[in-house]
There are 2 protein chains.
Amino acid sequence: MIQLHDVKHCSSDYVIAVRDTLNVISGKWKLPIIGSLLYGKKRFKELERDLGKITPRMLSKELKELELNSIIKRSVYDTTPVTVEYELTPSGESIRAVLDVMVSWGLQHRQAVMKPEPMKPDPMSISANKA
Amino acid sequence: MIQLHDVKHCSSDYVIAVRDTLNVISGKWKLPIIGSLLYGKKRFKELERDLGKITPRMLSKELKELELNSIIKRSVYDTTPVTVEYELTPSGESIRAVLDVMVSWGLQHRQAVMKPEPMKPDPMSISANKA
DNA sequence: TATATCAGTATACTTTAGTATAGTAGTATA
DNA sequence: TATACTACTATACTAAAGTATACTGATATA
């Protein structure tokens, strides 16, 4: 099993692994969809209502992509009318840990940017000069 | 200080905090730029050579955005010709922890998808039927 | 004088992501 | 008969992201 320490020394493999994760959650709608499904399985129309302004075209496209990436599972039941349920796979559930870390960093960073430590004026920082 | 547990019960605040983080690293070049700067401060041309196929227009644009987001710090030295150095801020450095978690998930997920557990055939999974 | 380096900018273009609007089939209800 | 529900699809569009190519001014080197 390849792990973090195996790719840490290799910038390109590291970046590839990050991008794998990034691709799963980037775009305008993937995150809200996953977020909604973290609260439990949902039908197509339920998701549509949950997400507010999404078009069925986008929802359909995103769900297909998430299914292809094994993040969600699609189940069809032959009720009338047909019922289609979407739910997170174990892999999809496990991304919650990644999101939690992103939330923590996001909140921390926001604090760091909003109220920066008052700095003592440093002449070097006003007109830096080198060599 | 707002923390993870404060937003965990609120789907929209949670998603906003994730997106704050996502915005910092998404796009084609932000990640390679941050990755390169994790190895130490670099000048414009050094980054350009490091990143291979990036155009100066994109590099300039991305660096400006990262600086605006307090991820990197730009220092100008009045040498001849002028020297401009880019380096990660403490906040920028701290994103490494987020990337590490993303790498771990990315590698795990790839394994999960590539060699899925052989499942015992389950009649329910072949033609699901509900109510 | 010609060329190269630095750190970029300007203009025009292509590609990708996302939106708007309408329509499908099958069934159920008013 | 008309409307509404399910889970979508089709076509056409706009907006955002990224690329290609050429250029800038100041200085240094051949």
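Quick note on labels: first sequence line is chain A, next is B, and so on, each numbered from 1.
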Can you tell me how far C1' of D:dC8 sits from CG of A:Leu51, to the nearest Å?
15 Å

Whole-Å distance separating the CG atom of B:Leu59 from the P atom of C:dC6:
13 Å

Which nucleotide in the set D:dA20, D:dA7, C:dA7 lies at the smallest distance from any side-chain heavy atom of A:Val82?
D:dA7

NA contact type, A:Lys64, heavy-atom cut-off 4.0 Å: base, sugar-phosphate, or nothing?
sugar-phosphate

Among C:dT19, D:dT6, C:dC6, which is the nearest nucleotide to the side chain of A:Arg49?
D:dT6

Categorize A:Lys45 for me: base, sugar-phosphate, or nothing, with a 4.0 angstrom heavy-atom threshold over every strand shown.
base

Taking for each residue the nucleotide of DNA chain D with the nearest heavy atom, is it B:Thr55 or A:Lys61 whose nucleotide lies nearer the 5' end?
A:Lys61

Can you check whether B:Asp20's main-chain N or O pairs, donor with acceptor, with B:Asn23's side chain at less than 3.5 Å?
no

Measure from the side chain of A:Thr80, starting at C-beta and using heavy atoms only, and say which of C:dT27, D:dT6, C:dC6 lies closest.
C:dT27

Rounding to a whole Å, what distance do you find between B:Lys28:NZ and C:dT14:P?
17 Å

With salt bridge (Lys or Arg N to Asp or Glu O under 4.0 Å) as the test, would you mind laying out the steps for B:Lys41 and B:Glu85 before giving the verdict?
CA-CA 7 Å; B:Lys41 54 175 66 166; B:Glu85 275 185 350; 3.7 Å; yes

Taking atom P of C:dG18 as reference, at what distance in whole Å does atom CD of A:Glu62 sit?
6 Å

Within this structure, what is the NZ-to-P distance between A:Lys41 and D:dA7, rounded to whole angstrom?
14 Å

Just the rounded figure in Å: distance from P of D:dA7 to NZ of A:Lys42.
13 Å

Of C:dG18, D:dG18, D:dA7, the nucleotide closest to the side chain of B:Trp29 is D:dG18

Quick check for you: among D:dT19, C:dA7, D:dC8, whose closest atom lies nearest to any side-chain atom of B:Arg74?
C:dA7

Roughly, in whole Å, what's the span from CG in A:Asp78 to C1' in D:dA7?
15 Å

Does B:Leu31 share a hydrophobic cluster with B:Leu51, counting links as ILVMFWY side-chain heavy atoms below 4.5 Å and allowing steps through other members?
yes

Could you state the CD1-P distance from B:Ile54 to C:dG8, rounded to the nearest angstrom?
13 Å

Keeping B:His109 on the side-chain end and A:Asn69 on the backbone end, is there a donor-acceptor pair under 3.5 Å?
yes

B:Glu48 with B:Lys45: basic N within carboxylate O range, under 4.0 Å
yes

Without swapping roles, check the side chain of B:Thr21 against the backbone of A:Gly106 for a donor-acceptor pair under 3.5 Å.
yes

So which nucleotide does C:dT11 pair with, by the Watson-Crick or G-U wobble rule with both distances under 3.5 Å?
D:dA20

Strictly below 4.0 Å: does B:Tyr77 bring a side-chain N or O up to OP1 or OP2 of C:dA7?
no

Give one of base, sugar-phosphate or nothing for A:Arg57, where a contact means two heavy atoms less than 4.0 Å apart.
base

Assuming nearest nucleotide by heavy-atom distance, tell me which of A:Pro81 and B:Glu46 is located more 5' along DNA chain C.
B:Glu46

Is the shortest side-chain N/O distance from A:Lys53 to OP1 or OP2 of C:dG18 below 4.0 Å?
no

Tell me which nucleotide among C:dC6, C:dG8, C:dA22 gets nearest to the side chain of A:Pro56.
C:dA22

Nucleotide of C:dT5, C:dG8, D:dT6 approaching B:Phe44 most closely (side-chain heavy atoms):
C:dG8

